[in-house]
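Comments concern the structure below.
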2 protein chains.
Amino acid sequence: MLPRANHTLPMPTFVSAFCQLASLTDSAITDLKGMLHTKSYDKGEKLLSYGERCKRLYFIDEGLTKTFFSNESKEFIMRFFSEYALFTVVDSFTAQTPSHYEILALEKTSVTYINQQDLEALCKKHHCIESAFRKLLSIATTNMMKRISEMLEENATERYNRFLRDNGQLLQRISLGDLSCYLGITQVSLSRIRSGK
Amino acid sequence: MLPRANHTLPMPTFVSAFCQLASLTDSAITDLKGMLHTKSYDKGEKLLSYGERCKRLYFIDEGLTKTFFSNESKEFIMRFFSEYALFTVVDSFTAQTPSHYEILALEKTSVTYINQQDLEALCKKHHCIESAFRKLLSIATTNMMKRISEMLEENATERYNRFLRDNGQLLQRISLGDLSCYLGITQVSLSRIRSGK
DNA sequence: TGTATTATTTATCATTTGTAAAAAAACATC
DNA sequence: GATGTTTTTTTACAAATGATAAATAATACA
């Protein structure tokens, strides 16, 4: 976990993260709070399995997860999510279709979540909640576009260096095997890059 | 343009595309129609330049565009959009920030569009319009995730074959240079793949 | 038609990345 | 501390892709 600049600052929460997306009415905040659940996962536990419908929008209170998919032989990591991230598997969550992706806890992880049906109902009831959720989706799209741009423009060495720059803190918590799956290269290749040859 | 199965079917329009995302009230449809504009671009004209704020959500009535960015030496194509596609540059449009991406007409292209401010106002006024827009964003995210998955899992040959499968019709309308910029390989490499060596 | 321009292919060589197997290092457990 | 397991690195070789330059094909247009 990142050291917080001022420990008197309140810890980010699902609600505070949502409020940052769009300003919410008091009544919306009350209703939102009423729909939240919490859950803990051990290291290695799955939050979502292949083929399952993703029913939850997650906020990580503590811990680290990866969203990934696999073929016969290899694994491919879409993203890591750590403390204070708000995330889901967008396509499965939105359309309630079987997920092509899985979510796994890389550490003991505590989450706060809301169920898809409850969020959908809140969107209907509170326009501001739908606005916040829309904002979240536009941020998600933006992040994905950045990732595509980087994959197009940069080679493996540049992508590794960018990861160090943008996610240096995570490096200590992620195995190099997982990092290579995220970068889209083999672990051997990543090891080569790190050794600077 | 794809031959339409039954030519008595009405042509897709901005409004019909939007209605497919979420059901709109009559009053929302009326307001939406009142905010639409049309414009034509010659082949080679830019719909959006680097650093400009993307102010419009576009629907293509006819023609073909590419969304791309460049560094000193190379160009990278995010996506092609052809008839009946609804699109914008999400980050620039949503946050009204300078765009890292450009949009260029690859053919004479006619669009229907709505201005960001007008859409934002409509989202405020009509909950159903915001729902439709949210749906559009979740589809955009899903498309981006698919693209990332493919870039991670597939090599250049597989990506080319997938493009043929998914966008075969476009192949006739896109230069192989542009296709290589989309696939993330050089034109020489694409030529090699096509020749099957 | 002829010419200029652009797009595509081919050839050659360098670099990057992948594959497979083994070695080394780090970690966990008894 | 000894042992077994997992992670990471190293090595050697193969395959894919990039860079450059030249050849060919397609297109535009005077």
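Note that the structure is predicted; figures quoted are calculated from it, not measured. Each chain gets a letter, A, B and so on, in the order the sequences are listed, and its residues count up from 1.
Rounded to an integer number of Å, the gap from B:Leu176 CG to D:dA26 P is 12 Å. In this entry the distance linking NZ of B:Lys74 with P of D:dT20 reads 10 Å, nearest Å. We find that CD1 of A:Ile193 is positioned 12 Å from P of D:dT9, with the value rounded to whole Å. At whole-Å resolution of the value, CD in A:Gln187 and P in D:dT7 are 9 Å apart. Taking atom CD on A:Glu72 and atom C1' on C:dT19, their separation rounds to 16 Å, with Å as the unit. Following rounding to the nearest Å, A:Leu179 (CG) and D:dT8 (C1') show an atom-to-atom distance of 13 Å. The distance from atom CD of B:Gln172 to atom P of C:dA7 is 17 Å, rounded to the nearest whole Å. Remark: P of C:dT19 and CD1 of A:Ile185 are 12 Å apart, rounded to the nearest angstrom.
Ring pair B:Tyr58/B:Tyr41 is perpendicular by interplanar angle, where above 60° counts as perpendicular and below 30° as parallel. Between B:Tyr50 and B:His100, the angle of the ring planes lies from 30° to 60°, which puts this pair in the tilted group.
For B:Arg192 and C:dT10, the shortest distance from a side-chain N or O to OP1 or OP2 is not below 4.0 Å. Distances shorter than 4.0 Å separate some side-chain N or O of B:Thr186 from OP1 or OP2 on D:dG18. Here B:Ser189 reaches the OP1 or OP2 of D:dG18: one of its side-chain N or O atoms lies under 4.0 Å away.
Judged by closest nucleotide on DNA chain D, B:Gly184 is the one of B:Lys43 and B:Gly184 placed further toward the 5' end. In this structure, B:Asp178 and B:Val188 both approach DNA chain C, and ranking their closest nucleotides by distance from the 5' end singles out B:Asp178.
Across all strands, B:Ser191 comes closer than 4.0 Å to base atoms (heavy-atom distances).
Salt bridge A:Glu75/A:Lys66: present, at least one basic N to carboxylate O contact under 4.0 Å.
For A:Glu120, the side-chain contact (heavy atoms from CB on, under 4.5 Å) criterion is met by A:Gln116, B:Arg134, not counting sequence neighbours.
A:Tyr182 carries A:Arg147 over the face of its six-membered ring, with the cationic atom under 6.0 Å from the centre and within 45° of the normal.
Shown here for A:Tyr84 and A:Asp61, the closest heavy-atom pair between the two residues is CE2-O, 3.9 Å.
Sorted by residue number, the members of residues 151-161 of chain A with any non-hydrogen atom under 4.0 Å from DNA chain C read A:Asn155, A:Ala156.
A donor-acceptor pair under 3.5 Å is absent between the side-chain atoms of B:Ser191 and the main chain of B:Gln187, judged by distance alone.
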